[in-house]
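What follows is one structure encoded as structure tokens, with my remarks underneath.
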There are 2 protein chains.
Amino acid sequence: MDRLGTIGKSRSVRPQTAADGVTAILREAIATGTLAPGAALRQDELAREFGVSRMPVRDALRYLEAEGLVAIHPTRGAVVAAMNAADIAELYALRELLEAEALRLSMQKQNPDSLRYAAGVIEQLDRETDVGRWGQLNREFHLALYRDCGNRRLLDLIEAQHTAADRYVRIVLSNLDYRERSQDEHRSMLFACMQGDEKAAVSHLTRHFRDACTALLDYMASRER
Amino acid sequence: MDRLGTIGKSRSVRPQTAADGVTAILREAIATGTLAPGAALRQDELAREFGVSRMPVRDALRYLEAEGLVAIHPTRGAVVAAMNAADIAELYALRELLEAEALRLSMQKQNPDSLRYAAGVIEQLDRETDVGRWGQLNREFHLALYRDCGNRRLLDLIEAQHTAADRYVRIVLSNLDYRERSQDEHRSMLFACMQGDEKAAVSHLTRHFRDACTALLDYMASRER
DNA sequence: TTTGGTATTCTCGTATACGAGTATACAGAT
DNA sequence: ATCTGTATACTCGTATACGAGAATACCAAA
């Protein structure tokens, strides 16, 4: 499991506490699948792995539990949360609901700065090849569109769903064809936003999610066999 | 601060861990206002208070942070999360979005058991005088209406928003008039659900939230002066 | 009097240690 | 051979201890 130790090294931002560092590394390991769903997360094992005591590891597990990435059973330990088709459907239905609302609210504010920024992110996405950073930029693009919605809680929830979806998203991102299709939809959304066409923007967003969701469900179904 | 020690005693369910117990007591203390917004939550002080070490207290603070009830600043300690008008508006806008969707999805399933249960809860609410238990039953009623929505994540999110709203709700619940008006709206919602009238049910739900939100904002505004 | 720097104290983050509960393996009985 | 009970080992929850960083108070200098 020495691979785990190297994953977090690439992050440029210095973690404020040891627990934050452990959290970031574990989150990444779960997202990439290095830690498979159902895998047991033993505190002292992880502590030895990271060269810290069990306390920061415990803290990290609590954070990840709150994010829905691990399941903690008192006195029985923690495991990586399961991945299944039902969860995908639920997650994407939720994202559609939350992000459509945020998009509507944001568009009413008509802030051109956010759209300019989003356009810049789209161009970066065109050049990006690394799956992890692509996901990061993808999140950045979406949040830019919602930034002006005026509801902090809504934005936090959207971010949380992104984090939960990340481990699923990476599956389809390895498919280059999906990334290109995704970018087409991004451009359509941005165009509709610049035009101030709320209905078109939301419908593109919806299609964007439906596409991703079916792509994922198809993959999961093929994986079953 | 000895009052804190007695609050949790009324709970019938035995906490599984010390941290769970501390979490429950602190949550209640924050909801009732015993711990005012902005109040510092010092780990060793709380530990002495509850007769435990700082570790369960730390765990509890992490849980409450995830619930949005406390804000933790690394190496600087935790404080009870602030309460303000902007947050109320955000919270209720969110609840409206989430619960309207859950209600729509649930009604499509047409499960009479849930509605029968909800009707029973309404009757219990008529007899309940204690503000804390009234809030509990209120949550129970709402969740009964959404139970069949088929989206576990959505339900969890709704519960989380209820928890976050609890400390606000208790303010208006002390007003008997509000409780009666609220019950009228509950009955209207349930009736619409039984009729299978989705539009009416959602519009009653919306009005229910708008009512509560304005009642709260009015109270906050009067409090400002 | 005000401002800047330093020292002290307080709180948190982390490490280590211990006790309790759970799972597992083995042995005995049916 | 299978099932059950007991003993052992393992993991977690909690307590205590220590070190680091931040806030504050105090003193000196302008």
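- In this structure, B:Pro37 and B:Ala82 approach most closely via the heavy-atom pair CB-CA, 4.0 Å.
- Protein atom CZ of B:Arg42 is 10 Å distant from nucleotide atom C1' of D:dA23, rounded to whole Å.
- Separation of atoms NE2 (B:His162) and CG (B:Leu157) is listed at 11.5 Å; rounding is to 0.5 Å.
- Of all the residues in residues 51-69 of chain B, B:Arg54, B:Met55, B:Arg58 reach under 4.0 Å from DNA chain C with at least one non-hydrogen atom.
- Between the side chain of A:Glu90 and the backbone N or O of B:Arg152, at least one donor-acceptor pair lies under 3.5 Å.
- Put simply, the side chain of A:Glu99 never gets that close to the backbone of A:Leu205: no donor and acceptor are under 3.5 Å apart.
- Tested against B:Leu64 for a side-chain contact (heavy atoms from CB on, under 4.5 Å), the candidates B:Thr163, B:Leu69, B:Val22 yield a single pass: B:Leu69.
- Shown are B:Val131, B:Leu125, B:Asp126, B:Asn138; of these, the side-chain contact (heavy atoms from CB on, under 4.5 Å) with B:Arg179 is made only by B:Val131.
- Without hydrogens or angle criteria, A:Ser106 side chain to A:Asp148 main chain gives a donor-acceptor distance under 3.5 Å.
- Bracketed by its first and final contacts, the part of DNA chain C lying under 4.0 Å from non-hydrogen atoms of chain B reaches from C:dT11 to C:dT14 in 5' to 3' order.
- DNA chain C lies under 4.0 Å from at least one heavy atom of each of the following residues of residues 70-77 of chain A: A:Thr75, A:Arg76.
- Between the side chain of A:Glu128 and the main chain of A:Arg133, no donor-acceptor pair closer than 3.5 Å is present.
- The shortest non-hydrogen separation linking A:Ala60 to A:Ala19 is CB-O, 3.9 Å.
- By the 6.0 Å and 45° rule, A:Arg27 does not stack over the aromatic ring of A:Tyr63.
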